[in-house]
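I have placed the structure first, in the form of structure tokens, so that the comments after it can refer back to it.
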Amino acid sequence: MLSKRARALKPSPTLAISAKEKALKAKGLDIAGFGAGEPDFDTPQHIKQAAIDAINKNFTRYTPASGIDELKDAVIEKFKRDNDLSYKRDEVIISCGGKHALFNLFEALFEEGDEVLIPVPYWVSYPPMVELTGAKPVLVETDEKEEYQVTPSLLKRYITRNTKAIILNYPSNPVGSVYFKENLEAIGKIAVENNLYIISDEIYEKLTYDEYEHISIASMDNAFKERTIICHGVSKTYAMTGWRIGFAAGPSEIIKAMANIQSQSTSNPTSISQMAALAALTGPQDFITVMVDEFKKRRDYLIKELTSLEGITCYNPRGAFYVFPNFNAIIGKKYKDKTIDSSTTWTEVLLEDFLTAVVPGIEFGKEGYLRLSFATSMEVIKKGVDRIKKAVGELK
Ligand code: PMP
Ligand code: GLU
């Protein structure tokens with residue numbers, strides 16, 4: 001019989017929907033896909049070339065389990081350049097994707113009896129990853145009026161003697177909300193007073209719109225930095241989801257524990273991908289601006305079109321590449337003889353009857369909402385929006 005842990009675990013719903021979308025497309029169906037949270041842009045040429053060069057130079061053997069020094073130095077330089085943060089080599093680890101860095105971090109920190117605060121809506125993998133360690137995810141319901149940020153008073157309501165950490169993700173998946181300086185300051189102080197770790201998932205740092213500027217909580221105060229572990233990676237910034245390189249920075253004791261877990265499980269992240277990530281972090285950065293400008297156009301279009309539907313509202317994301325419209329107005333309506341009783345049923349109707357793939361809000365802890373990724377072409381977005389409008393029009 002499978003372990004209790006394995007029996008309790010279901011696959012990542014975002015990855016499952018992306019896989020379903022790809023399988024339907026392979027069958028020849030014209031799917032408008034809003035499922036995948038991965039840039040539709042190709043990895044820039046100079047990054048691909050660095051990987052090709054690595055192969056040709058036979059850089060194809062084991063590297064140190066926690067990553068090569070050159071890449072750690074590039075990560076250190078990135079934190080200095082972008083966040084005015086100073087780290088040493090033993091405070092940085094290279095992992096097989098941002099998800100892997102988070103997984104190892106949770107394994108290093110959490111155990112039975114611990115509580116971990118997770119703001120809702122959350123990225124799908126946080127609660128299962130916390131549960132795998134035996135710790136308890138504590139869901140902290142945030143409010144759209146507060147731009148989905150955890151406020152100090154809200155946070156205080158959820159802290160108990162067992163609270164070990166809070167997970168912050170900004171810009172966030174799925175809403176694209178960010179944290180304002182005042183709130184980060186207050187959260188940092190509460191973390192210090194209550195001896196909490198801060199897990200700061202900043203993987204969408206570079207994908208921000210309008211006037212918002214990303215501030216890492218670790219950079220605000222040394223006392224915050226001492227208890228913060230930043231999880232990050234190259235997947236989103238450089239359109240490198242398949243290369244599987246993430247990184248984390250934080251107190252050396254924690255980074256060392258993560259490295260031990262890595263050395264007993266995956267060993268090093270792929271040597272070739274590490275060389276590609278090195279080129280990404282140290283090479284020209286202008287590609288990012290081009291990508292962000294395009295994402296912004298798509299965001300503006302989606303917000304305009306979706307909110308033109310009667311009763312549908314949508315937070316205007318300040319970062320990342322998702323919109324998270326509130327479809328509660330249609331819950332309870334019927335499509336043919338099927339009642340739309342949840343975001344999951346609504347997602348099924350959109351996929352099966354309107355060939356449009358989206359992710360149900362409930363997977364992010366919010367019923368009545370849908371997540372649409374706009375990391376897909378404008379052509380697909382326009383087609384998908386027309387189909388969603390048609391679907392809404394056919395509800396009774
Ligand atoms: N954190 C968040 C919030 C994400 O959306 C993702 C993307 N799936 C990740 C971490 C991990 O990304 P990756 O493993 O591709 O680096
Ligand atoms: N983070 C992306 C998403 O939320 C990729 C899928 C995943 O890793 O869950 O869609």
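Fair warning: this is a prediction, and the values are worked out from it, not measured in the lab. Indexing begins at 1, ligand by ligand and atom by atom, following the structure's order.
Two rings, from Y148 and Y122, have their centers 6.0 Å or more apart. In this structure, the ring of F364 has its center no less than 6.0 angstrom from the ring center of W123. Ring centroids of Y170 and Y204 are separated by 6.0 Å or more, keeping the two rings apart.
In this structure, R298 pairs ionically with D40, as a charged nitrogen and a carboxylate oxygen lie closer than 4.0 Å. Under a 4.0 Å N-O distance rule, the pair K181/E213 does not qualify as a salt bridge. The pair D221-K189 does not count as a salt bridge, with every side-chain nitrogen at least 4.0 angstrom from each carboxylate oxygen. The existence of a salt bridge linking K333 and E394 is excluded, since no basic side-chain nitrogen approaches an acidic carboxylate oxygen closer than 4.0 Å.
Judged by the 6.0 Å distance and 45° axis criteria, K164 is not positioned over the aromatic ring of F110.
Protein heavy atom closest to atom 10 (O) of ligand 2, with residue, atom name and distance, is R371 NH2, 2.8 Å. Looking from atom 16 (O) of ligand 1 to the surrounding protein, the closest heavy atom is G98 N, 2.6 Å. The protein heavy-atom contact nearest to atom 9 (O) of ligand 2 is T14 OG1, 2.6 Å. The nearest protein atom to atom 12 (O) of ligand 1, hydrogens excluded, is given as I203 CD1, 3.6 Å; this is a heavy-atom distance. Atom 7 (C) of ligand 1 has as its closest protein heavy atom K236 NZ, 2.6 Å. Among protein heavy atoms, the minimum distance from atom 1 (N) of ligand 2 is reached at K236 NZ, 3.2 Å. Atom 8 (O) of ligand 2 has as its closest protein heavy atom K99 NZ, 3.1 Å. Summary of contacts: the protein heavy atom closest to atom 11 (C) of ligand 1 is K99 N, 3.5 Å. In this structure, atom 14 (O) of ligand 1 lies nearest to the protein heavy atom R244 NH2, 2.8 Å. Atom 9 (C) of ligand 1 has W123 CH2, 3.6 Å as its closest protein atom, hydrogens excluded (heavy atom only).
Short contacts between ligand 2 and S12, defined as distances under 4.0 Å to a heavy atom of the residue, involve ligand atoms 9 (O). The ligand atoms of ligand 1 that sit less than 4.0 angstrom from a heavy atom of Y126 are 3 (C). If you number the atoms of ligand 1 from 1 as listed, the ones under 4.0 Å from a heavy atom of S235 come out as 13 (P), 15 (O), 16 (O). Heavy-atom contacts of N169 reach the following atoms of ligand 1: 3 (C) (cutoff under 4.0 Å). Ligand 1 places these atoms under 4.0 Å from at least one heavy atom of G97: 14 (O), 16 (O).
Any N or O atom pair closer than 3.5 Å counts here, and S125 shares no such pair with ligand 2. Every N/O-N/O distance between G35 and ligand 2 stays at or above 3.5 Å.
With a 4.0 Å heavy-atom cut-off, ligand 2 is reached by no atom of V359. With a 4.0 Å cut-off on non-hydrogen atoms, Y322 touches ligand 2 through its side chain and not its backbone.
Between L71 and F247, every side-chain heavy-atom pair lies at or beyond the 4.5 Å cut-off.
In this structure, S252 OG and I93 CD1 are separated by 12.0 Å, a value rounded to the nearest 0.5 Å. Rounded to the nearest 0.5 Å, atoms CG (D84) and CE (M220) are 13.0 Å apart.
Comparing N173, L102, D201 by heavy-atom distance to atom 2 (C) of ligand 1, the nearest is D201.
Relative ring orientation between F106 and Y126 is described as tilted, the plane-to-plane angle lying within the 30° to 60° band.
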